[in-house]
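Note that these values count all heavy atoms, side chains included, but never hydrogens, waters or copies made by symmetry. Below, chains carry the letters A, B, ... as their sequence lines are ordered, and counting in each starts from 1.
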2 protein chains.
Amino acid sequence: MTVSAPSRTQAERADQTRARILNAAVRQFSANGLAGARTEQIAEEAGVNKALLYYYFKSKEDLYAAALESAFDDVRVDSVAVMEKDATAGERLVQITLNSFDRSYTHPAVRTLMQQEMVRLHQGEENRMAQMAEKFFRPMWIKVDELLENGIASGELIAVDPQQIRYAALGANVFYFLTAPLTKLAFGIDPMERSKLEHRRKAAVEYLGQAIFIDREHGARVAARVLAATPMPQTNRLQSNKIEARKIANRKIKPDGTGEVRYK
Amino acid sequence: MTVSAPSRTQAERADQTRARILNAAVRQFSANGLAGARTEQIAEEAGVNKALLYYYFKSKEDLYAAALESAFDDVRVDSVAVMEKDATAGERLVQITLNSFDRSYTHPAVRTLMQQEMVRLHQGEENRMAQMAEKFFRPMWIKVDELLENGIASGELIAVDPQQIRYAALGANVFYFLTAPLTKLAFGIDPMERSKLEHRRKAAVEYLGQAIFIDREHGARVAARVLAATPMPQTNRLQSNKIEARKIANRKIKPDGTGEVRYK
DNA sequence: GATAACTTACTAACCAGTTAGTGAATATGA
DNA sequence: TCATATTCACTAACTGGTTAGTAAGTTATC
């Protein structure tokens with residue numbers, strides 16, 4: 001993590017710089033939205049000059065698109081992995097729901113970016129999301145719906161609109177995190193605390209066990225099994241809006257601004 | 001709706017002007033967010049001069065707060081009404097869920113403003129929402145949770161964490177509307193079409209009938225009864241981002257800009 | 001004629017994007 | 001292998017369009 005040791009090749013350092021910019025952009029855009037984020041601040045947080053943003057990306061919007069994609073790449077991998085497991089439709093669905101819950105707090109930026117992007121989409125500017133919708137959500141949702149159809153056909157799950165089960169299972173998670181700040185305001189309890197998250201993920205799985213399985217005893221067993229198989233992940237950088245100290249390292253002017261230009 | 005007929009008193013007209021500004025603000029803020037909305041455009045849409053915004057409201061943020069409150073006043077009334085009905089806990093919960101679903105498309109601005117405000121809250125600026133959390137959401141959620149506890153205690157509802165039922169029931173609705181633009185992109189089907197809404201509200205209620213009632217036949221009857229008792233409301237102004245023609249009326253300069261100042 | 005409602009015309013700050021350059025790394029070629 | 005040409009990564013300082021906000025007025029109503 002130390003940057004002071006300069007990487008060998010120029011290309012390597014460039015890649016790292018680009019990544020630093022992208023990370024800063026993800027944080028700023030997820031916190032303030034496309035309109036609210038400031039390029040100046042992204043640059044500062046990345047420890048570079050603002051003009052460098054335009055060296056790597058052709059516009060603020062372009063940087064936003066890249067940040068969005070970068071954030072998604074983080075979750076894309078482990079999202080699909082779980083789908084291939086060998087288990088009944090019901091158990092898989094429970095597992096998928098639990099994973100989606102866990103991803104919501106291990107990758108908070110993705111969730112926030114999504115929320116904002118959904119608002120933006122409502123008013124038209126869709127082009128950016130079109131690809132992600134196509135490549136990521138569409139196959140994901142189709143697979144889940146197929147899974148549910150099989151589960152219903154086999155008599156394991158209740159005979160209701162399969163998409164509704166999807167909406168209820170995933171929506172409960174989304175709603176929990178979406179309203180977390182409101183809940184904190186209204187009740188003084190922070191739903192993002194580890195103990196609260198622990199309680200909620202258990203409740204979410206147990207609810208599904210009772211709600212969507214025809215045989216509720218079987219559902220309870222499935223829930224217990226999935227919970228036991230999936231320990232709660234770390235919640236390391238939950239509110240990592242802090243500006244890292246290393247940004248000072250590359251400076252050519254002293255932080256206090258009083259001069260000493262290194263070159264010339 | 002005609003503005004050309006001048007209202008009698010000065011105070012009345014002032015109230016109307018204020019209301020026009022507020023309506024325009026709700027539309028603009030809900031479409032573009034606090035940072036993205038432009039005061040100039042709000043003024044234009046309200047058919048007044050920008051300076052007038054600052055006659056009625058002391059700043060953009062102040063106007064935003066007023067718009068938020070105004071939007072909420074629209075839904076506050078009918079939100080509580082349904083709670084007082086005489087029915088079992090389960091039936092009430094189903095009814096509340098259906099009402100929340102219907103409100104999502106009859107008052108789209110409230111939903112959008114909420115979504116954005118939730119993102120803003122995540123990063124700290126809470127003061128504005130604190131009152132609404134206290135006066136609106138807290139009593140609402142407490143009542144729902146009490147209802148669910150009773151329903152569980154009486155043996156009507158499944159014995160799981162009552163809050164989880166709330167998250168699942170309301171979250172399914174929120175998730176449906178939240179992801180609507182994404183669904184449209186991914187599948188080419190618009191979830192905001194009347195026929196799709198009709199299908200979804202039915203599925204939502206029927207799902208609850210099967211999911212949260214211990215006696216699923218009883219649940220099915222409850223679902224059918226609630227659906228029959230609650231016809232789907234009109235969906236009149238679903239995408240009313242259009243600027244109304246009346247804004248021209250108050251103009252003193254021709255729309256094309258070529259002059260003719262009326263006075264002097 | 002006094003006050004409320006509303007506008008014109010302006011300003012100061014902000015902020016995305018640009019320009020003109022610098023030093024360091026890397027390629028070239030003798 | 002050394003010297004020199006060229007490209008790469010990066011910065012300070014600026015530009016001009018945009019935008020929230022204001023001051024000083026005009027018109028309408030009581």
Visitor: In whole angstrom, what separates D15(A)'s CG from dA9(D)'s P?
Guide: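 Taking atom P of dA9(D) as the reference, CG of D15(A) is at 9 Å.
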Visitor: For R166(A), give me all partners under salt bridge (charged side-chain N to carboxylate O under 4.0 Å, His left out), at least two apart in sequence or on another chain.
Guide: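 Partners of R166(A) under the salt bridge (charged side-chain N to carboxylate O under 4.0 Å, His left out) test: D145(A).
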Visitor: Rounded to whole Å, please give me the gap between CG in L52(A) and C1' in dA9(D).
Guide: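 For the pair L52(A) CG and dA9(D) C1', the rounded distance is 7 Å.
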Visitor: Specify the angle, to 10°, made by the local axes at the two ends of the helix from dG1(C)-dC30(D) to dA30(C)-dT1(D) when five pairs are taken at each end.
Guide: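 About 10° separates the two local helix axes.
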Visitor: Should Q116(B) and L34(B) count as side-chain neighbours, where that means a heavy-atom distance under 4.5 Å?
Guide: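 SC-SC contact between Q116(B) and L34(B) ruled out.
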Visitor: Tell me every residue that passes side chain to side chain contact (heavy atoms under 4.5 Å, CB included) with R138(B), counting only those two or more places apart in sequence or in another chain.
Guide: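 Side chain to side chain contact (heavy atoms under 4.5 Å, CB included) check on R138(B) returns A186(A), F187(A), E134(B), I142(B).
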Visitor: Using OP1 and OP2 only, check whether a side-chain N or O of T17(A) sits under 4.0 Å from dA9(D).
Guide: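 For dA9(D), OP1/OP2 do not have a side-chain N/O of T17(A) under 4.0 Å.
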Visitor: Could you tell me which residues satisfy side chain to side chain contact (heavy atoms under 4.5 Å, CB included) with T17(B), sequence neighbours excluded, listed by chain and number?
Guide: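 With neighbours one apart ignored, the set is R20(B), I21(B), V48(B), L52(B), Y56(B).
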Visitor: Listed by chain and number, what are the side chain to side chain contact (heavy atoms under 4.5 Å, CB included) partners of S100(B), not counting sequence neighbours?
Guide: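 Residues passing side chain to side chain contact (heavy atoms under 4.5 Å, CB included) with S100(B): R103(B), L170(B), N173(B).
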Visitor: Could you tell me how far apart R13(B) (CZ) and dA28(D) (C1') are, to the nearest whole angstrom?
Guide: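 Spelled out: CZ on R13(B) to C1' on dA28(D) is 8 Å.
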Visitor: Quick one: which residue pairs count as a salt bridge (Lys or Arg N to Asp or Glu O under 4.0 Å) with a foot in residues 46-59 of chain A, not counting sequence neighbours?
Guide: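 Passing the test, one end in residues 46-59 of chain A: no pairs.
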Visitor: Could you please name the option among dA4(C), dC10(D), dT7(C) that lies closest to any side-chain atom of Y55(B)?
Guide: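 Nearest to the side-chain atoms of Y55(B), counting from C-beta on, is dA4(C).
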Visitor: What residues form a side-chain hydrogen bond (donor to acceptor under 3.5 Å, both in side chains) with Y54(B), not counting sequence neighbours?
Guide: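 Checked Y54(B) against side-chain hydrogen bond (donor to acceptor under 3.5 Å, both in side chains); zero matches.
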Visitor: When all nucleic acid strands are considered with a 4.0 Å heavy-atom cut-off, which category describes F57(A): base, sugar-phosphate, or nothing?
Guide: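 No contact at all - F57(A) keeps every heavy atom at 4.0 Å or more from the nucleic acid.
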Visitor: Which pairs, protein N/O on one side and nucleotides 20-23 of chain D N/O on the other, fall under 3.5 Å?
Guide:
| residue | atom | partner | partner atom | Å |
| --- | --- | --- | --- | --- |
| dA20(D) | OP1 | A37(B) | O | 3.4 |
| dA20(D) | OP1 | R38(B) | NH1 | 3.4 |
| dA20(D) | OP1 | K60(B) | NZ | 3.2 |
| dA20(D) | OP2 | T39(B) | N | 3.2 |
| dA20(D) | OP2 | T39(B) | OG1 | 2.5 |
| dA20(D) | N7 | K50(B) | NZ | 3.1 |
| dG21(D) | OP2 | Y54(B) | OH | 3.0 |
| dG21(D) | OP2 | K60(B) | N | 2.7 |
| dG21(D) | N7 | K50(B) | NZ | 2.7 |
| dG21(D) | O6 | K50(B) | NZ | 2.9 |

Visitor: What pairs meet the side chain to side chain donor-acceptor pair (under 3.5 Å) rule with one or both residues in residues 174-187 of chain A, with sequence neighbours excluded?
Guide: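 Sorted pair list comes back empty.
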Visitor: Round to the nearest Å and state the distance from I42(A) atom CD1 to dC15(C) atom P.
Guide: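 In whole Å, dC15(C) P lies 12 Å from I42(A) CD1.
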